[in-house]
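Atoms considered below: every heavy atom in the structure, side chains included; atoms not considered: hydrogens, waters and symmetry mates.
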Amino acid sequence: MAAYLEQRTSQAAGWSRTLATFSAVLFIAAGLAHRYGLIPTPPFLSVLSIVAALAIAALALAAYGFLRFWYHGDLGGRDLTIGGFVALAVLTPFLLSGYRAFIHPQLNDISTDLGAPPMLVAAAMSRSPDMNEVAEFTPGHRKLQTDHYPEVTGRRYEMPLDRAAEIVETMLQRQGWTIATSRPAFVGQSEMTIEALAHTPWLGFPFDIAVRLTDEGTSTYVDMRSASRYGRHDLGDNAAQITAFLALLDAEMAAQTGAATAE
């Protein structure tokens with residue numbers, strides 16, 4: 001009687017696909033829930049650590065399953081392929097975040113004015129104890145920002161303060177940011193600060209915005225500050241938010257006045 005060797009099915013491959021799929025579903029569900037305010041940030045960060053651990057385990061099992069497939073002919077090539085690719089897809093945002101943390105300085109509060117940054121009064125009052133404290137800039141902080149973000153500068157517009165404030169508030173609303181302190185209704189003031197609460201586009205991490213306008217007679221000078229509510233490292237998001245917003249504001253002001261902006 002002829003003997004037949006039955007091929008084994010790799011359990012590692014099956015578990016790789018299961019864990020990778022679960023990590024992807026958990027990542028998407030938790031990300032959407034956090035983006036729309038259904039879960040707060042601290043629990044969401046804990047979920048992210050679980051997602052990363054599951055994806056790493058799935059990738060390791062896929063590698064082990066591939067070795068069994070290659071050297072022993074175990075079945076399960078489809079499962080380990082799906083598990084490996086899904087795990088890599090889930091881990092890609094974590095790897096990108098690690099890269100951004102490496103190339104950007106460890107800052108979570110950025111301002112166009114390092115000597116006297118715009119005040120975050122409403123933000124300081126609304127932040128809970130588990131959030132970052134609104135603090136003064138240290139000399140080390142100023143040097144890090146100056147070295148890494150020289151492009152983060154204020155703007156001067158040839159426009160009266162009241163009209164400039166109206167445009168700034170409109171632009172903040174266009175970004176979908178929640179205005180925390182609107183511009184004062186009275187006229188004649190020489191300086192005003194408009195605060196807003198914003199969120200990162202994808203996962204919805206919160207950060208506070210302050211735009212300060214200073215009357216210079218025939219022109220208005222605009223400073224801006226962006227501060228993350230969570231985390232010691234903003235991965236470069238605050239500087240990017242400031243430069244992006246001021247670029248949009250430059251275009252709007254140029255359309256309104258027909259003149260170029262002075263940095």
Side-chain angles (χ1 to χ4, degrees), residues 104-105 107-124 126 134 137 141-142 144-202 204-229 234-263:
H104 292 294
L107 297 172
N108 56 20
D109 193 348
I110 302 295
S111 174
T112 57
D113 186 344
L114 293 172
M119 300 294 290
L120 288 167
V121 178
S126 62
V134 178
F137 289 0
H141 182 126
R142 297 188 187 99
L144 275 178
Q145 180 179 323
T146 302
D147 292 344
H148 290 84
Y149 302 125
E151 73 281 5
V152 178
T153 58
R155 298 290 195 272
R156 179 172 287 106
Y157 301 107
E158 297 300 323
M159 181 179 292
L161 175 66
D162 295 334
R163 178 58 180 151
E166 181 182 347
I167 294 175
V168 165
E169 191 171 71
T170 300
M171 295 297 295
L172 289 171
Q173 292 171 341
R174 285 184 190 175
Q175 295 296 105
W177 299 344
T178 304
I179 303 295
T181 55
S182 300
R183 57 192 173 89
F186 59 89
V187 296
Q189 64 271 31
S190 61
E191 182 179 295
M192 68 175 69
T193 300
I194 305 173
E195 294 187 54
L197 174 62
H199 296 83
T200 55
W202 297 107
F205 289 106
F207 57 98
D208 292 294
I209 295 290
V211 181
R212 183 178 64 203
L213 300 95
T214 304
D215 189 359
E216 295 184 331
T218 59
S219 63
T220 299
Y221 195 82
V222 176
D223 280 305
M224 188 171 177
R225 182 177 182 180
S226 179
S228 302
R229 290 197 167 190
D234 66 2
L235 309 181
D237 282 340
N238 286 304
Q241 292 288 356
I242 290 177
T243 54
F245 179 82
L246 290 180
L248 293 173
L249 187 60
D250 289 345
E252 182 66 22
M253 291 293 189
Q256 293 283 340
T257 63
T261 300
E263 295 188 11

**Student:** Just verifying a value: how many Å separate L107 CG and L235 CG, rounded to the nearest 0.5 Å?
**Tutor:** 11.5 Å
**Student:** Would you mind listing every side chain to side chain donor-acceptor pair (under 3.5 Å) that reaches into residues 112-123, with sequence neighbours excluded?
**Tutor:** T112-D223, D113-R212
**Student:** Does the T200 side chain pair with the main chain of F205, one donor and one acceptor, at a distance under 3.5 Å?
**Tutor:** yes
**Student:** If you define the side chain from C-beta out and look only at heavy atoms, does anything of M192 sit under 4.5 Å from D162?
**Tutor:** yes
**Student:** Could you grab the distance from atom CZ of R155 to atom CE of M224, nearest 0.5 Å is fine?
**Tutor:** 10.5 Å
**Student:** Could you tell me which non-hydrogen atom of L120 sits nearest to which non-hydrogen atom of A210, and how far apart they are?
**Tutor:** CD2-CB, 3.5 Å
**Student:** So which atom in M171 and which in L249 form the shortest heavy-atom distance, rounded to 0.1 Å?
**Tutor:** CG-CD1, 3.9 Å
**Student:** Can you measure from OG (S226) to CG (D208) and round to the nearest 0.5 angstrom?
**Tutor:** 8.0 Å
**Student:** Quick check: does any side chain N or O of E169 sit under 3.5 Å from a backbone N or O of I194, one acting as donor and the other as acceptor?
**Tutor:** no
**Student:** Of all the heavy-atom pairs spanning Y221 and G154, show the shortest one and how long it is.
**Tutor:** OH-CA, 3.5 Å
**Student:** Quick check: closest heavy atoms across S111 and V152, and the distance to 0.1 Å?
**Tutor:** O-CG1, 3.9 Å
**Student:** To the nearest 0.5 angstrom, please state how far the CD atom of E216 sits from the CD atom of E191.
**Tutor:** 10.5 Å
**Student:** Closest heavy-atom contact between I167 and E252?
**Tutor:** CG2-CG, 3.7 Å
**Student:** Distance-only, no hydrogens or angles: does the R229 side chain make a donor-acceptor pair with backbone N or O of A227 under 3.5 Å?
**Tutor:** no
**Student:** Between Q175, M253, R174, which is the residue that forms a side chain to side chain contact (heavy atoms under 4.5 Å, CB included) with L248?
**Tutor:** Q175
**Student:** What I'd like to find out is whether the side chain of P201 reaches to under 4.5 Å of the side chain of Q241, using heavy atoms alone.
**Tutor:** yes
**Student:** Between Q145 and I110, is there a donor-acceptor pair closer than 3.5 Å when you use the side chain of the first and the backbone of the second?
**Tutor:** no
**Student:** Quick check: does any side chain N or O of S190 sit under 3.5 Å from a backbone N or O of D215, one acting as donor and the other as acceptor?
**Tutor:** no
**Student:** Is any side-chain heavy atom of F245 closer than 4.5 Å to one of L172?
**Tutor:** yes
**Student:** Sub-3.5 Å donor-acceptor pair from the side chain of R156 to the main-chain atoms of S219, do we have one?
**Tutor:** no
**Student:** Which heavy-atom pair separates P118 from R225 by the least distance, and what is that distance?
**Tutor:** O-NH1, 2.8 Å
**Student:** Which residues pass the side chain to side chain donor-acceptor pair (under 3.5 Å) test with H104, not counting sequence neighbours?
**Tutor:** Y149
**Student:** How far apart are the C-alpha atoms of L197 and I209, what are their side-chain angles, what is the distance that settles it, and do they pass the side-chain contact (heavy atoms from CB on, under 4.5 Å) test?
**Tutor:** CA-CA 6 Å; L197 174 62; I209 295 290; over 6 Å; no
**Student:** May I ask you to decide if Y157's main-chain N or O and T220's side chain share a donor-acceptor pair within less than 3.5 Å?
**Tutor:** no
**Student:** For D234, give me all partners under side chain to side chain donor-acceptor pair (under 3.5 Å), at least two apart in sequence or on another chain.
**Tutor:** N238
